[in-house]
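Single-structure report; data block below.
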There are 4 protein chains.
Amino acid sequence: MAGDSFGKLFKITTWGESHGPAMGVVIEGCPPLVALKCKEEKIVLRTESGKETGSQLFTCDEIQKELDRRKPGQTGITTPRKEQDIAWILSGVFEGKTTGAPITIVSWNRDVRSQDYDFLKEIDRPGHAGFAYRAKYGIYDYRGGGRSSYRETWGRVAAGAIAKKILREFYGLEIIAYVLQIGKISANVNSEKVTLKEVESHSTRCPDRVAANKMETLIKEAMKEGDSLGGVVGVVVRNMPVGLGEPVFDKLDADLFKALKSIHATKSVEIGLGGEVAELKGSQHNDPFTTDASGKVKPASNKAGGVLGGISTGENLLLKVAFKPTATIRKEQETVNIKGEKSFLKGAGRHDPCVLPRAIATVEAMVALVLADHALRNFAQCGHLKK
Amino acid sequence: MAGDSFGKLFKITTWGESHGPAMGVVIEGCPPLVALKCKEEKIVLRTESGKETGSQLFTCDEIQKELDRRKPGQTGITTPRKEQDIAWILSGVFEGKTTGAPITIVSWNRDVRSQDYDFLKEIDRPGHAGFAYRAKYGIYDYRGGGRSSYRETWGRVAAGAIAKKILREFYGLEIIAYVLQIGKISANVNSEKVTLKEVESHSTRCPDRVAANKMETLIKEAMKEGDSLGGVVGVVVRNMPVGLGEPVFDKLDADLFKALKSIHATKSVEIGLGGEVAELKGSQHNDPFTTDASGKVKPASNKAGGVLGGISTGENLLLKVAFKPTATIRKEQETVNIKGEKSFLKGAGRHDPCVLPRAIATVEAMVALVLADHALRNFAQCGHLKK
Amino acid sequence: MAGDSFGKLFKITTWGESHGPAMGVVIEGCPPLVALKCKEEKIVLRTESGKETGSQLFTCDEIQKELDRRKPGQTGITTPRKEQDIAWILSGVFEGKTTGAPITIVSWNRDVRSQDYDFLKEIDRPGHAGFAYRAKYGIYDYRGGGRSSYRETWGRVAAGAIAKKILREFYGLEIIAYVLQIGKISANVNSEKVTLKEVESHSTRCPDRVAANKMETLIKEAMKEGDSLGGVVGVVVRNMPVGLGEPVFDKLDADLFKALKSIHATKSVEIGLGGEVAELKGSQHNDPFTTDASGKVKPASNKAGGVLGGISTGENLLLKVAFKPTATIRKEQETVNIKGEKSFLKGAGRHDPCVLPRAIATVEAMVALVLADHALRNFAQCGHLKK
Amino acid sequence: MAGDSFGKLFKITTWGESHGPAMGVVIEGCPPLVALKCKEEKIVLRTESGKETGSQLFTCDEIQKELDRRKPGQTGITTPRKEQDIAWILSGVFEGKTTGAPITIVSWNRDVRSQDYDFLKEIDRPGHAGFAYRAKYGIYDYRGGGRSSYRETWGRVAAGAIAKKILREFYGLEIIAYVLQIGKISANVNSEKVTLKEVESHSTRCPDRVAANKMETLIKEAMKEGDSLGGVVGVVVRNMPVGLGEPVFDKLDADLFKALKSIHATKSVEIGLGGEVAELKGSQHNDPFTTDASGKVKPASNKAGGVLGGISTGENLLLKVAFKPTATIRKEQETVNIKGEKSFLKGAGRHDPCVLPRAIATVEAMVALVLADHALRNFAQCGHLKK
């Protein structure tokens with residue numbers, strides 16, 4: 001049973017290889033009548049053998065905006081690969097609204113330089129997925145990393161844009177991810193107050209301007225060395241509804257941990273105080289209850305990070321994710337090739353020296369996908385009979 | 001869509017409330033012909049109204065042994081609640097072998113003191129799931145924590161015993177979890193060498209005897225104060241096969257993160273170097289390749305923790321999980337009741353001052369369940385055509 | 001991936017073998033706060049080895065009533081096996097209401113005469129599942145047919161009782177199945193008007209009294225001959241909501257066909273005019289539209305049987321299911337044993353000469369399970385945004 | 001939870017609307033290393049606004065061949081709509097072999113005359129899915145029937161071509177569907193011997209040449225009248241393996257019934273003797289066992305149609321499916337429009353007077369998809385431990 005789908009009621013399936021014809025995503029279970037501002041264009045496809053076909057296609061600014069955030073080549077500190085990255089909607093939208101049918105969004109691959117990857121027929125990059133794909137499937141589309149490429153997240157972000165829209169309409173919900181640490185430089189971020197604008201205003205997507213500048217310098221140094229950097233991303237979700245999450249296994253935070261771990265290069269996920277809880281006592285860690293302005297009972301503090309027993313409490317969701325340094329580096333590495341012969345590997349396609357600034361969009365998308373799925377799941381089981 | 005099932009091909013569903021009639025688990029997808037050493041007993045059920053029924057039931061030492069590790073009341077440092085905890089097999093086994101049909105295992109609840117929980121009609125424990133269950137479902141079986149009780153893990157451990165058996169038979173695979181930290185006391189453990197016997201030989205289940213003794217003292221102090229402690233559990237899996245994991249979403253580590261986060265009280269999960277990767281460069285973190293004795297290519301080191309691109313590399317799986325201090329404490333806490341009135345909460349049923357020593361069995365079970373499921377999944381897709 | 005679960009949001013898993021300790025069902029996804037009139041009883045379990053345990057259990061008249069309809073030994077024309085068949089609720093109900101947690105219902109097996117089946121170690125009954133189970137799993141619990149026994153439907157009927165209750169509360173929905181044909185005797189039934197009382201008032205569960213009496217005679221003759229009879233069951237569902245069904249694969253009627261084919265001994269399923277449509281023209285078969293009293297558009301006739309394009313139209317659901325004659329007969333049959341030696345098989349445990357009168361309850365249960373599942377599915381995707 | 005996916009391990013998701021940009025299918029879980037003879041072509045996409053993109057695409061004769069069988073406009077007796085219908089493979093294939101990654105196949109829509117459907121804004125066709133879609137989703141892409149169009153089956157047939165290939169490689173398995181009845185004309189077909197060539201050699205796809213000629217005449221008459229015809233399709237599967245099917249719910253025949261009912265316009269499904277069993281006695285219907293040439297036990301006859309207890313016996317699979325006459329006819333029909341006003345509907349786009357000759361390819365595809373899925377499922381659970 002392949003693992004290319006995510007979510008149960010709001011479900012996505014991504015497909016496509018980094019240097020194949022196209023990347024795409026199919027979204028199933030999206031409610032009907034969600035307004036998507038689409039533009040129709042006539043498109044002509046012409047093949048070498050002279051076959052020709054015509055079709056109308058749709059683009060959607062709301063989706064494109066999110067994709068542009070994950071696009072490479074945005075600033076001097078990301079991979080120079082230029083993806084055209086236009087999202088074409090092929091199904092599921094009619095007269096600017098979703099219909100309840102599957103929504104397919106596709107991006108044609110371009111600026112593909114597969115010959116850069118020819119050496120990978122013979123050698124696997126240390127720390128890279130290639131070795132494991134080859135061992136598992138007995139075949140590996142090594143061009144650009146094939147299916148294991150970071151480019152696969154394209155479909156997640158496209159689908160996440162629709163999930164975000166639904167969550168905004170349902171709850172006024174807001175998801176903000178930001179760079180919290182790169183290498184040894186940590187930022188100071190107030191999760192209550194941080195804004196999307198602050199995050200987007202710096203190439204590093206770190207909202208603490210002082211730290212951000214240091215991070216930028218660090219990244220440039222690593223680029224020069226042909227090396228790469230790890231770091232930590234923080235996430236806050238505001239205007240959370242109460243009651244999302246399906247214990248005992250599909251707890252809201254359990255699904256978030258899976259979602260975030262499914263992103264390339266992540267190595268640890270934390271909620272609330274995360275690993276710090278190990279040193280605390282119950283009397284220090286427990287959030288007592290109080291009442292809000294309207295008299296409703298709610299936690300007085302939020303050390304828990306917005307979830308109790310796997311169910312959202314209505315407090316802000318607070319998460320942290322650590323990313324390893326990109327495996328693909330230009331610096332020479334001693335290793336063995338697939339025949340076991342000692343080899344020196346140096347350079348390997350184009351890559352980000354630090355994936356975090358671009359990863360922000362993917363982190364937000366995965367959080368949005370989990371929340372949209374759980375919104376529908378909670379609604380299915382608990383929406384009916386209570387009122 | 002409720003979340004009481006885990007796994008896709010080797011799938012379990014747990015059911016039962018802490019103070020309901022029984023706890024149970026149904027295992028679907030277990031291969032046929034797995035030998036389970038069972039004993040048959042005639043059992044008589046007699047009801048108050050005089051109805052009576054007879055039935056044969058089975059017990060199985062291999063399952064019971066694992067359950068005894070998670071059982072409360074084993075030592076002076078766990079909850080005094082005594083669960084009888086006998087595992088009765090009700091289906092799916094015939095003449096000492098699995099048949100491919102669903103296996104149901106049940107434990108009758110006993111030593112239930114529900115009246116201890118009557119105060120919970122009026123007040124939710126700070127940091128406890130009760131508040132969220134009530135908000136979500138509009139009804140909450142508060143007796144003993146109902147479905148959110150740690151007792152729910154009983155079924156996970158029972159099913160995990162069978163998953164472990166299968167993994168041993170398939171691969172000679174060995175899963176060892178151990179206590180690595182309690183409060184501020186950290187242990188020194190060599191994951192390559194640690195043995196089950198070392199873990200089981202101390203009440204804390206910490207294999208570093210010096211640290212373990214300090215942890216025991218710390219736990220006893222917390223008990224005296226009526227407070228609770230958090231900590232960290234380490235996990236190593238040895239004799240891992242290559243090729244488990246289903247990218248791009250059902251990566252082996254993504255499913256492990258979900259599995260471990262689904263355990264009560266966990267707040268962070270890490271693989272390999274975990275959060276430490278943030279400070280490393282690619283040239284420091286990448287594991288180069290080498291060849292083993294037989295000339296097969298394999299990673300020369302294991303900073304990755306046994307997984308690349310979501311697929312197992314054959315190296316040991318290395319995980320860490322942080323647990324928060326138990327929410328339920330005897331110490332007085334100021335909070336509000338469900339009507340929003342200021343209240344003081346003190347004492348609340350019986351509880352563990354530190355859940356980690358008992359959590360070991362559950363951690364191992366969840367890891368086993370993920371691996372057994374992925375073994376079948378890999379086999380389904382990749383077992384056929386390669387040879 | 002085992003196939004012991006049915007439904008996606010309102011999901012059941014049945015477990016247990018005919019002559020094992022117990023039969024059971026786990027229901028996941030049931031909405032909370034469904035009232036079930038339960039009675040609590042203390043129960044004492046005593047084992048041969050002297051172990052003893054106490055537990056409270058629940059019974060529920062609403063469930064028991066449905067089970068009594070499928071119970072063998074009700075009349076002179078069913079198998080003489082007496083199942084005690086009391087449904088014990090082990091989880092998911094608190095203070096007479098569902099909680100949203102999994103509901104487990106169990107029945108202890110009794111009046112088991114496994115020795116009657118000892119000959120099945122050596123020989124498979126012609127037309128019976130035993131041969132195929134043995135070939136597939138390499139092991140077969142032949143006692144009473146094990147998992148392939150009609151007794152497995154017990155759990156379906158218990159769960160169906162809760163599904164029916166939900167559907168009544170949601171829509172005032174009513175499901176009536178009835179015997180339409182046995183052997184060559186066909187009944188005349190008006191599906192618009194037939195009542196549960198008419199069905200239940202005759203041992204054959206055929207509401208056409210004249211045909212019913214002939215059927216009873218026919219069944220008694222078959223009993224005398226040691227032979228068995230096939231037939232046809234009709235189903236009508238009234239007060240159907242509009243909009244249930246999830247094209248393009250999980251069409252309402254596609255899921256109903258699967259559900260009904262999953263019942264033992266069914267060989268054909270039809271909706272609306274069924275096989276008769278082959279001879280009609282579009283102008284004869286199409287149901288034109290009209291308006292109802294309130295001016296709402298609806299089909300003017302119902303040749304379609306209540307479904308268009310896989311989605312319910314609000315008209316009555318009309319189905320027919322053909323059952324083969326019970327495979328197990330007392331009459332001598334020439335066959336070969338599992339070693340391939342020529343053998344004569346005669347008699348084999350206790351069996352129904354005609355399963356249809358008892359199958360009514362199972363047919364209704366499967367229809368109810370499909371509809372409850374689709375009610376939640378429709379609600380999840382289409383309940384949110386429309387208003 | 002939307003219903004656009006089919007299968008559990010070999011899983012397909014179809015997407016696209018009849019008059020949208022494209023139709024497509026995503027196949028998940030296909031084993032790696034399946035050889036598909038693909039041709040690469042460079043393709044240029046040019047949009048109205050001047051954006052341009054280049055991409056390589058693949059075509060595959062083995063897939064195209066199946067699609068050409070379902071293509072409209074093949075003969076004088078099908079809809080004159082001409083679909084270009086070229087299958088482009090966008091992912092999951094590398095150097096002519098599957099990689100285990102999702103395979104996406106797409107066909108651009110062309111020869112679309114959406115203006116033909118403008119009248120459908122105001123009126124629903126009697127007997128057509130439109131009414132139900134509108135009621136369920138609150139929005140309906142009526143152009144060409146949108147998602148409910150028969151064109152949706154395109155993706156099923158494309159995916160079915162790969163499923164057939166796998167089944168041929170695994171078992172030498174052969175699936176043949178044929179037209180058995182149209183209107184009142186029935187054919188005489190020997191399911192043991194019928195060949196694909198016989199089926200393909202007549203425009204009706206009825207292998208009984210005498211009946212076929214009469215059917216062709218009948219269809220031409222219906223075309224003249226502007227009316228449509230129903231009929232019956234037969235299916236035989238040869239070289240079936242023993243052991244496919246997952247009782248108790250995912251029985252092989254239960255999944256086949258669902259698969260076949262999910263095809264547009266089907267109203268009844270039968271296996272083996274189907275509805276005829278109602279009139280038989282057990283002693284007449286049971287297939288006794290015998291031994292084959294090699295001494296292996298097998299059924300001596302095949303009234304059961306190849307399945308016992310939901311598991312394949314190794315005998316030929318024998319199925320029958322009845323199709324209703326196409327709902328869309330040119331003949332005038334009295335009905336009401338969506339405002340409830342009396343209306344006369346006449347003509348409506350282009351349509352088949354009798355869908356059966358083209359439905360053959362879809363029937364075979366759905367059977368292949370069920371069998372490929374069950375092959376992997378059986379392998380996952382029962383492939384491991386037996387040897």
Side-chain angles (χ1 to χ4, degrees), chain B residues 1-2 4-5 8-9 11 13-17 20-24 26 28-30 32-33 41-49 51 53-58 84 86 88-92 94-95 97-104 106 108-110 136-141 146-147 376 380, chain C residues 1-2 4-5 8-9 11 13-17 20-24 26 28-30 32-33 41-49 51 53-58 84 86 88-92 94-95 97-104 106 108-110 136-141 146-147 376 380:
Chain B
M1 185 182 219
D4 301 282
S5 295
K8 295 196 168 171
L9 300 200
K11 187 169 77 159
T13 306
T14 71
W15 52 266
E17 284 79 26
M23 300 306 288
V26 182
E28 292 169 82
C30 182
L33 298 177
E41 288 208 46
K42 267 270 169 289
I43 192 167
V44 176
L45 295 88
R46 199 165 290 139
T47 64
E48 276 176 329
S49 61
K51 285 178 211 113
T53 183
S55 187
Q56 83 276 35
L57 293 174
F58 302 94
Q84 191 179 28
I86 297 173
W88 299 101
I89 300 177
L90 298 191
S91 68
F94 180 58
E95 298 181 342
K97 291 192 189 119
T98 61
T99 63
I103 302 167
T104 297
V106 68
W108 300 103
N109 286 332
R110 226 191 158 191
K136 181 182 182 71
Y137 298 108
I139 182 170
Y140 175 49
D141 182 347
R147 187 82 184 125
L376 298 190
Chain C
M1 184 182 219
D4 302 282
S5 295
K8 296 198 166 168
L9 299 200
K11 187 170 75 160
T13 307
T14 71
W15 53 266
E17 284 78 26
M23 300 307 287
V26 181
E28 294 170 82
C30 181
L33 298 176
E41 287 207 46
K42 267 270 168 289
I43 192 168
V44 176
L45 294 87
R46 200 166 290 140
T47 64
E48 277 174 328
S49 62
K51 284 179 212 115
T53 183
S55 187
Q56 83 275 35
L57 293 174
F58 302 94
Q84 191 179 29
I86 296 173
W88 299 101
I89 301 177
L90 298 190
S91 68
F94 181 57
E95 298 181 341
K97 291 190 188 121
T98 61
T99 64
I103 301 167
T104 297
V106 67
W108 299 102
N109 286 332
R110 228 192 156 189
K136 180 182 182 72
Y137 298 108
I139 182 171
Y140 175 50
D141 182 349
R147 188 80 184 126
L376 297 189

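Lettering of chains follows the sequences in order, A, B, ..., and the numbering in each one begins at 1.
- Across every non-hydrogen atom of Leu90(B) and Pro21(C), the tightest pair is O-CD, 3.3 Å.
- Looking at every heavy atom in both residues, Tyr140(C) comes nearest to Phe94(B) through O-CE2, 3.3 Å.
- Only the backbone of Thr14(B) comes within contact range of chain C, with heavy atoms under 4.5 Å apart.
- Most heavy-atom pairs under 4.5 Å with chain B, from the set Ala380(C), Pro102(C), Gly100(C), Gly29(C): that is Pro102(C).
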Would you check, one step at a time, whether the test side chain to side chain contact (heavy atoms under 4.5 Å, CB included) holds for Arg147(B) with Thr99(C)? CA-CA 10 Å; Arg147(B) 187 82 184 125; Thr99(C) 64; over 6 Å; no

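- Take Lys97(B) and apply the side chain to side chain donor-acceptor pair (under 3.5 Å) test, not counting sequence neighbours, and it matches no residue.
- Counting only heavy atoms from C-beta outward, the side chains of Tyr137(B) and Thr98(C) never approach each other to under 4.5 Å.
- Lys11(B) approaches Lys11(C) most closely through the heavy-atom pair NZ-NZ, 3.5 Å.
- Between chain C and the residues Leu9(B), Val26(B), Thr104(B), Leu376(B), the most heavy-atom pairs under 4.5 angstrom are made by Thr104(B).
- Glu17(C) contributes no side-chain N or O that, together with a main-chain N or O of Ser91(B), makes up a donor-acceptor pair within less than 3.5 Å.
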